[in-house]
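Single-structure report; data block below.
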Amino acid sequence: MHEAPIIQLGGLNIDLSIVLMLIVSCIVVFIIARLAVRNLSVENPGKMQNFLEWLVEFVRGLSNSTMDWKKGKPFISLALTLIMFIFVSNMLGLPFGVVTGYHDASKAEIFGKPIVSVTETLEKLHQQHPDQEAEVEVAWWKSPTADANASMALAIMVFLLSHALGIFKNTKAYFKHYVHPYPFFLPINLIETFSKPLTHGMRLFGNIFAGEVLIAVILKLTSLGPAGGVFSVLGLIVWQGFSIFVGTIQAFVFTMLTLLYISQTYAVGHDHD
Amino acid sequence: MSLHWESFVMTLIAFGILYFLLNKYAFGPLFSVMEKRRELIQNQLSEASATREQAIAFVEEQKQALQQARKEAHEIIEQSKQTSYKQAAEILEQAKEQAVRLKDEAVRDIESEKNKAVQELRSELGSMSVKIASKLLEKEVSTDQAQEQLVNQYLKEVGGRQ
């Protein structure tokens, strides 16, 4: 499988593909948002403004379905940023990929720094099969959400945010929730609590990563001759379409769950006080 | 695929920056515009309902005014009818009075004319009969006393026959 281009910079292992894709995602999202609010108008909104307003209304609907509007209001921006960022991230990996192959550890370098992951893997392969020529492929262009680190970062950010809100703003109901309905359920509640961010992030990562893996696999079919080529093209058409669908659904699900988790720790229990 | 805390942190930083930028340069203005539109629509709705209420009040007022005008017109017609009746009666009365007066005057005139004529005739007759009698009796009556007695006797007779 493809390796990540990791270089060492001041003692840190920097994944260049993640850096690149994060920057690209952020720029794309920001450009879309700026285009939408370029000519803001109260009475005569343009197409892009209408689109973004529709998105805002959509996210508002999600928020309203999980918690009180007054409580959900501060998180609309967060949810909007999440849904746009994740959607764009999911889509970025679909149209094409940039992959470089390396045979020689000495050539695997960028900006004068060795790509650590490549050199290590090459060494390992050499040790395992000294007689064969080793090849390592590095993926530069991919969905940032197809990286477990990025997906988990977003999920854990939401986890920390929701629990901080619960602890500081909704203390009584938050701690009561752990022994609900009986103290006997404490371990189950704890497991539930800590499994949430894991499933939250891994669901996103798994869906997008699997999609990209399958695209790579379908592309490999071209090596089977003309029939493989035809099948590969047909398969790509179907799978790309499905990936767009999956990417959209995952962006929606992630945002929905974000609002749901926040509401569960922050907004629940206030009404009964 | 391996876990790197560096990627983790970078994602958080990138997302944080994106959130900040979007909030400041995109969502903030957008939300304010949406809020403004909401207010605008609210205003227009309340304005529309106020205008409708006004219109209803106006129509009611107009109806009442129309009713009033109709009533007044009816009254005026009624009044004028009554005045015209009264006037007609008055005129008729006056005409009658005048006719009666004229008739009375005429009757009186006729009476006085007749009296006058009778008077004249009487004096005329007196003198004429005196002249006739004097012509006839010029020679028969010698004294004045006897003449006068005779004339008076005749005159009395004429007046008594009247």
Side-chain angles (χ1 to χ4, degrees), chain A residues 1-4 6 8-9 11-15 17-19 21-23 25-27 29-30 32-38 40-43 45 49 52-53 55-57 60 73 76-78 80-82 84-86 89 117 144-154 156-157 160 205 209, chain B residues 1-70:
Chain A
M1 210 51 246
H2 298 156
E3 284 295 328
I6 293 168
Q8 283 197 316
L9 205 67
L12 299 174
N13 293 313
I14 306 293
D15 186 339
S17 72
I18 277 290
V19 173
M21 293 319 293
L22 281 174
I23 290 169
S25 294
C26 289
I27 288 172
V29 170
F30 190 69
I32 289 173
R34 280 305 293 174
L35 279 180
V37 299
R38 192 177 41 178
L40 277 179
S41 160
V42 174
E43 288 177 348
Q49 192 190 337
L52 200 62
E53 282 185 15
L55 195 66
V56 171
E57 291 298 329
R60 242 176 224 182
K73 206 176 173 187
I76 297 295
S77 292
L78 175 70
L80 270 172
T81 314
L82 269 177
M84 286 175 80
F85 177 74
I86 293 172
S89 298
S117 53
T145 41
D147 188 298
N149 297 300
S151 296
M152 284 312 291
L154 294 177
I156 286 171
M157 176 189 76
L160 293 177
F205 157 69
F209 181 65
Chain B
M1 186 61 54
S2 50
L3 291 175
H4 298 282
W5 65 269
E6 292 92 343
S7 300
F8 188 97
V9 171
M10 280 188 304
T11 307
L12 284 184
I13 292 169
F15 186 81
I17 292 169
L18 182 68
Y19 173 73
F20 172 76
L21 287 177
L22 282 182
N23 219 2
K24 188 162 183 188
Y25 294 108
F27 297 150
L30 186 73
F31 288 166
S32 74
V33 160
M34 288 173 83
E35 185 61 27
K36 264 185 211 152
R37 181 179 308 127
R38 203 184 61 77
E39 276 167 17
L40 185 80
I41 288 169
Q42 204 98 44
N43 283 348
Q44 278 174 347
L45 277 180
S46 59
E47 223 169 82
S49 78
T51 314
R52 205 183 53 202
E53 266 166 34
Q54 256 177 350
I56 288 170
F58 263 133
V59 167
E60 201 60 34
E61 218 170 89
Q62 292 299 314
K63 257 187 203 164
Q64 272 174 0
L66 202 67
Q67 203 74 22
Q68 187 74 20
R70 212 171 269 165

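Labels below follow one simple rule: chain letters A, B, ... track the order of the sequence lines, proteins then strands, and each chain is numbered from 1.
Of the atoms belonging to A:Leu82, heavy atoms from both backbone and side chain fall under 4.5 Å from chain B. If you measure heavy-atom distances from A:Val42 to chain B, the contacts under 4.5 Å come from both the backbone and the side chain. Of the atoms belonging to A:Ile27, not a single heavy atom falls under 4.5 Å from chain B. Only the side chain of B:Met34 comes within contact range of chain A, judged by heavy atoms closer than 4.5 Å. For B:Phe27, the part lying under 4.5 angstrom from a heavy atom of chain A is the side chain only.
Note: A:Ala150 leads A:Ala150, A:Ser25, A:Pro45, A:Ser151 in heavy-atom pairs under 4.5 Å with chain B. Of the listed residues (A:Val56, A:Ile23, A:Ile18), the greatest number of heavy-atom pairs within a distance under 4.5 Å of chain B belongs to A:Val56.
B:Lys24 NZ to A:Ser77 OG: the interatomic distance, rounded to the nearest 0.5 Å, is 14.0 Å. Here the CG-CG distance, from A:Leu78 to B:Asn23, works out to 9.5 Å after rounding to the nearest 0.5 Å. Atoms CG and CG, from A:Leu160 and B:Leu12 in turn, are 8.5 Å apart once rounded to the nearest 0.5 Å. Of the inter-residue distances, the one linking A:Asp15 atom CG with B:Ser7 atom OG reads 4.5 Å to the nearest 0.5 angstrom. Rounding to the nearest 0.5 angstrom, the gap separating the OG1 atom in A:Thr81 from the CG atom in B:Leu18 is 6.0 Å. Taken to the nearest 0.5 Å, the CZ atom of A:Phe85 stands 15.0 Å off from the OH atom of B:Tyr19.
A:Ile86 places none of its side-chain heavy atoms less than 4.5 Å from the side chain of B:Phe15. No side-chain heavy atom of B:Trp5 sits under 4.5 Å from any side-chain heavy atom of A:Asn149. The shortest distance between side-chain heavy atoms of A:Ile14 and B:Met10 falls below 4.5 Å. Residues A:Leu80 and B:Leu22 fail the side-chain proximity criterion, which asks for heavy atoms closer than 4.5 Å.
Side-chain atoms of A:Arg34 come within 3.5 Å of backbone N or O of B:Tyr25 as a donor-acceptor pair. Using a distance-only test at 3.5 Å, with no hydrogens or angles considered, a donor-acceptor pair links the side chain of B:Glu6 to the main chain of A:Asn13.
Across B:Ala26 and A:Ala33, no two heavy atoms sit closer than the pair CB-CB, 3.6 Å.
Chain A is approached within less than 4.5 Å, heavy atom to heavy atom, by B:Leu40 from residues 38-64 of chain B, ordered by number.
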